[in-house]
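Naming convention: chains lettered A, B, ... in sequence-line order (proteins, then strands); numbering from 1 in each chain.
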There are 2 protein chains.
Amino acid sequence: MQDVADAAGVSVGTVSNVLNHPAKVSPATAERVREAISRLGFVRNDAARSLVSGSTNSIGMVLADIENSLFIDMAHGAQDAARAVGQNLLLANTACDMTLQDNYLDLFDESRVTGVLLAPMEDSSAGIARIRSHGRQVVLLNYSPKPGTCCSVLVNNEHVGYLAARHLIDSGRTRLAYVAAHDDYQPVRDRRRGVRAAVEEAGPGVTLEEIDSGGLTTPYGHAVGQDLARRAPADLPDGLMVVTDELANAIIHELHAVAGIRVPDQVAVVGCENNRAAGAAAVPLTAVDMPGRMMGREAIRLLMDEVASGEQHRHATVVLEPELIVRASAPRSGVGVGTSSDRSRGAQS
Amino acid sequence: MQDVADAAGVSVGTVSNVLNHPAKVSPATAERVREAISRLGFVRNDAARSLVSGSTNSIGMVLADIENSLFIDMAHGAQDAARAVGQNLLLANTACDMTLQDNYLDLFDESRVTGVLLAPMEDSSAGIARIRSHGRQVVLLNYSPKPGTCCSVLVNNEHVGYLAARHLIDSGRTRLAYVAAHDDYQPVRDRRRGVRAAVEEAGPGVTLEEIDSGGLTTPYGHAVGQDLARRAPADLPDGLMVVTDELANAIIHELHAVAGIRVPDQVAVVGCENNRAAGAAAVPLTAVDMPGRMMGREAIRLLMDEVASGEQHRHATVVLEPELIVRASAPRSGVGVGTSSDRSRGAQS
DNA sequence: TAAGTGGATTGATGCGCTTCAATCGGTCGG
DNA sequence: CCGACCGATTGAAGCGCATCAATCCACTTA
């Protein structure tokens with residue numbers, strides 16, 4: 001910077017002003033300085049910058065699973081919103097590894113980012129408490145915080161489960177089954193509650209079987225599908241709620257393509273999340289949509305609110321409502337392929 | 001830090017040593033300092049740290065499209081490799097926006113990251129030149145650099161196209177069509193060359209039609225599918241190479257599910273990239289696999305090499321070979337659903 | 001002509017840390 | 001008992017920048 005100042009025949013203070021408060025500098029001088037900057041290839045040192053100012057204009061976003069399109073959507077929404085308020089969004093993928101997650105939280109903490117968005121897959125209250133105790137703001141995504149510890153953006157996951165079950169009930173299915181795993185993952189727990197509520201509400205005419213898939217990935221889905229396919233037709237549920245799109249697609253694949261069980265005629269299937277793959281699958285998947293983009297945007301809003309209001313901030317939780325997207329795997333009518341109200345994912349707001 | 005020093009009854013130098021060179025400090029003192037650190041909730045300031053050292057241990061990775069699973073795979077591989085050498089990987093998504101890409105390149109440049117991994121969708125030589133001129137290292141992913149300007153990790157995209165075409169030819173298809181768009185995107189250009197080479201090699205018995213889809217996303221694929229479906233059966237190609245999985249799946253959907261054209265019987269389809277969705281689609285897609293994880297790992301290796309060897313570094317290009325994954329949309333035999341050699345994506349190294 | 005005015009510019013200060021030469025205190029050999 | 005030696009510890013210097021009180025300069029007003 002001194003070099004630039006020398007080259008332009010000004011002081012370092014003026015160079016700094018050109019960079020940060022152009023209005024304070026006369027146009028001619030500013031031009032001279034800018035010329036020197038580009039001639040010398042000067043790059044201002046962000047470390048020194050944020051050392052002085054005590055902050056940066058970056059927001060860190062820690063994602064548990066970057067392979068999941070819901071998380072990608074959240075990142076997308078957050079990115080847009082962050083940009084709009086002049087912040088950069090830095091992404092970090094923990095691949096569901098809590099050690100890595102703590103690493104990244106600490107990294108962002110040490111980097112004095114403006115704030116952190118965290119979309120975890122496990123309880124992370126320890127990490128949150130740690131960096132919050134240093135005065136760093138955190139907004140939790142798709143995971144309820146311990147009450148009063150931070151802001152959060154959630155989807156009404158109970159309603160996700162409810163919508164899935166309700167849709168099947170409304171379309172005339174009576175022998176329902178709910179396939180899930182990882183009840184330690186909060187959204188999964190919530191969805192189960194919603195499923196049960198809908199079934200109870202329907203009265204004794206509707207039965208619910210709960211199937212533990214053991215895991216949320218495709219192989220587990222295949223296994224569940226095979227188990228189901230081996231059953232006597234009379235023992236087969238006629239409506240399947242599946243906790244995850246990925247799992248649902250895997251199950252459908254076994255049922256439909258491998259075992260020749262007709263979906264949705266014999267078994268209707270509803271998934272949750274409305275992932276990228278949902279609409280493109282062999283049997284397009286009826287799924288409860290999670291508004292990922294909006295969640296990301298809301299999270300940034302909450303974060304910036306908190307940063308701006310300082311002491312008098314009150315933590316808030318934004319709960320967004322899910323929406324059912326009806327496709328072929330569980331049409332509106334009881335049997336057969338109903339009208340496709342397939343809303344393109346690309347049109348998502 | 002002074003506070004910690006006071007609390008522990010030592011000097012700041014000792015506190016710093018506890019954090020950075022524990023061996024230099026007596027165990028008793030170290031313990032006392034650590035206790036003070038956690039009691040006071042001290043977090044060392046990364047900005048000051050890297051101001052002194054002039055570097056960080058973070059690597060920035062700029063991705064053109066985080067929605068594309070190839071890019072996600074590259075990020076995954078890079079993350080693993082970066083961790084192994086004690087570096088943090090920070091991700092940035094440009095959503096194909098060159099302005100944003102430049103923003104992030106500059107941000108990483110100003111942050112004095114160890115180096116930058118860039119997976120662009122357009123020529124980015126200006127940005128690369130800019131930050132390289134500041135001495136910052138860049139490795140380009142899936143895009144050829146201007147010769148001699150930086151290291152890069154590529155896939156032999158010409159061979160991608162060749163493998164796709166060759167597979168169709170070998171399975172007896174003779175009226176081929178190649179669907180692509182965005183020839184300004186280098187990998188696309190390369191694939192076309194490979195397709196043409198394979199067709200020429202096959203001699204006059206095989207014809208090639210080149211179809212411009214106008215874009216690479218699902219809606220464009222639907223349009224192409226509809227156009228094809230309207231043709232007289234005799235005018236229909238019997239083998240389709242499609243530049244992208246997403247496009248391929250969309251085309252198959254139109255052809256197969258909507259228009260009732262049998263895939264692969266009437267038209268066999270081969271995609272490129274072997275995305276997440278490839279294996280799960282209605283008609284599982286035969287695709288040429290791009291080794292994303294390995295690309296990410298190699299990129300980190302090249303970057304760390306370059307950082308380590310300083311002046312005497314010579315730029316290198318690593319070209320990885322693609323591999324054909326045969327699924328139902330274009331089985332090995334000429335007609336009908338061949339044996340599924342569906343390699344689970346999850347098993348990818 | 002002197003005092004006043006305000007925009008442009010200066011440069012010393014300090015942000016929080018790492019480093020390293022200097023110092024301290026204790027131990028060992030002679 | 002003295003000097004040499006060594007590990008542990010100290011604390012000042014400086015990393016590159018933003019800030020802001022102080023200064024400068026050109027111009028206006030009385």
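- For the pair A:Y143 (side chain) and A:P187 (backbone), a donor-acceptor distance under 3.5 Å is absent.
- Backbone-only contact: A:V43 has heavy atoms under 4.0 Å from sugar-phosphate atoms and none from a base.
- Close to D:dC17, at under 4.0 Å from its OP1 or OP2, lies no side-chain N or O of A:N45.
- Between B:D106 and A:R44 there is no salt bridge, since no side-chain N of the basic residue sits under 4.0 Å from a carboxylate O of the acidic one.
- The residues B:D80 and B:R83 are annotated as not salt-bridged, no charged nitrogen and carboxylate oxygen being separated by less than 4.0 angstrom.
- At a threshold of 4.0 angstrom between heavy atoms, the contacts of A:M1 are confined to the sugar-phosphate backbone, with no base atom among them.
- Between B:E298 and B:R301, at least one side-chain nitrogen of the basic residue sits less than 4.0 Å from a carboxylate oxygen of the acidic one, meeting the salt-bridge criterion.
- Under 4.0 angstrom from either OP1 or OP2 of C:dC17 there lies no side-chain N or O belonging to B:R49.
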I need a per-nucleotide contact map over nucleotides 6-14 of chain D, read 5' to 3'. Cutoff is protein heavy atoms under 4.0 Å; write B for the base, S for backbone only, - otherwise. --SSBB--B

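- In this structure, the side chains of A:N142 and A:N157 come closer than 4.5 Å at one or more pairs of heavy atoms.
- Summarising the geometry, the separation between CG on B:N20 and C1' on C:dC17 is reported as 9 Å, rounded to the nearest angstrom.
- Under the 4.0 Å criterion applied to side-chain N and carboxylate O atoms, B:R130 and B:D102 are assigned as salt-bridge partners.
- Taken over five-pair windows at either terminus, the axes of the helix from C:dT1-D:dA30 to C:dG30-D:dC1 are inclined to one another by 60° (rounded to 10 degrees).
- Considering only heavy atoms from C-beta on, B:R293 stays 4.5 Å or farther from B:M74 through its side chain.
- Using a distance-only test at 3.5 Å, with no hydrogens or angles considered, no donor-acceptor pair links the side chain of A:S125 to the main chain of A:K146.
- OP1 or OP2 of D:dA18 has not a single side-chain nitrogen or oxygen of A:H21 nearer than 4.0 Å.
- For the pair B:D3 CG and C:dG16 P, the interatomic distance rounds to 10 Å; values are reported in whole Å.
- Side chains of A:E67 and B:R276 form a contact here, defined as non-hydrogen atoms less than 4.5 Å apart.
- Here D:dA18 is the nucleotide among C:dT19, C:dC17, D:dA18 with the atom lying nearest to any side-chain atom of A:R44.
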